[in-house]
Amino acid sequence: MIETMREYDGAGLAATQVHTLKQIAVVEVLGNPRYPDAPWCPDGAHQSVLTPLTDEMEEGWEGCLSVPDLRGLCWLTRAEVSRR
């Protein structure tokens with residue numbers, strides 16, 4: 001999954017996007033050419049829970065490797081990742 005995500009300069013990939021029915025996702029944005037200003041974030045998550053760190057929202061671009069060349073401006077919040 002990590003190799004596939006890196007090959008397409010992705011920032012995250014869910015197992016279901018590569019035909020694997022598991023609750024696993026990989027995330028990596030540090031040094032990603034599509035997100036040069038993104039902070040470091042965890043490199044993997046298995047059955048994780050996202051907890052917002054603040055009520056503040058900020059604009060950010062989101063895309064999906066499953067739909068190449070389509071990105072949209074979204075409202076995002078910073079979150080902490082913890083495992084179940």
| query | Does the side chain of Thr77 come within less than 4.5 Å of Leu53's, by heavy atoms? | reply |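 Answer no - side chains too far apart.
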| For the atom pair CD (Glu3) and OH (Tyr8), what is the distance rounded to the nearest 0.5 Å? |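 The CD atom of Glu3 sits 12.0 Å away from the OH atom of Tyr8.
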| query | So how far is it from Lys22 NZ to Met1 CE, rounded to the nearest 0.5 Å? | reply |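 That separation rounds to 11.0 Å.
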| field | Qualifying residues under salt bridge (charged side-chain N to carboxylate O under 4.0 Å, His left out), relative to Glu58, sequence neighbours excluded | value |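 Glu58 satisfies salt bridge (charged side-chain N to carboxylate O under 4.0 Å, His left out) with Arg78 once adjacent residues are dropped.
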| said: Who clusters with Trp61? Use side-chain heavy atoms, under 4.5 angstrom, across I, L, V, M, F, W and Y, and order the result by chain and number. | reply: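 Reading the cluster by chain and number, Trp61 sits alongside Leu73.
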| field | Given Val26, Val18, Val27, the one that forms side chain to side chain contact (heavy atoms under 4.5 Å, CB included) with Met5 | value |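 Answer to the side chain to side chain contact (heavy atoms under 4.5 Å, CB included) test with Met5 among Val26, Val18, Val27: Val26.
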| said: Side-chain heavy atoms nearer than 4.5 Å, only ILVMFWY residues, links allowed to pass through others: does that put Ile2 and Leu13 together? | reply: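 Same cluster.
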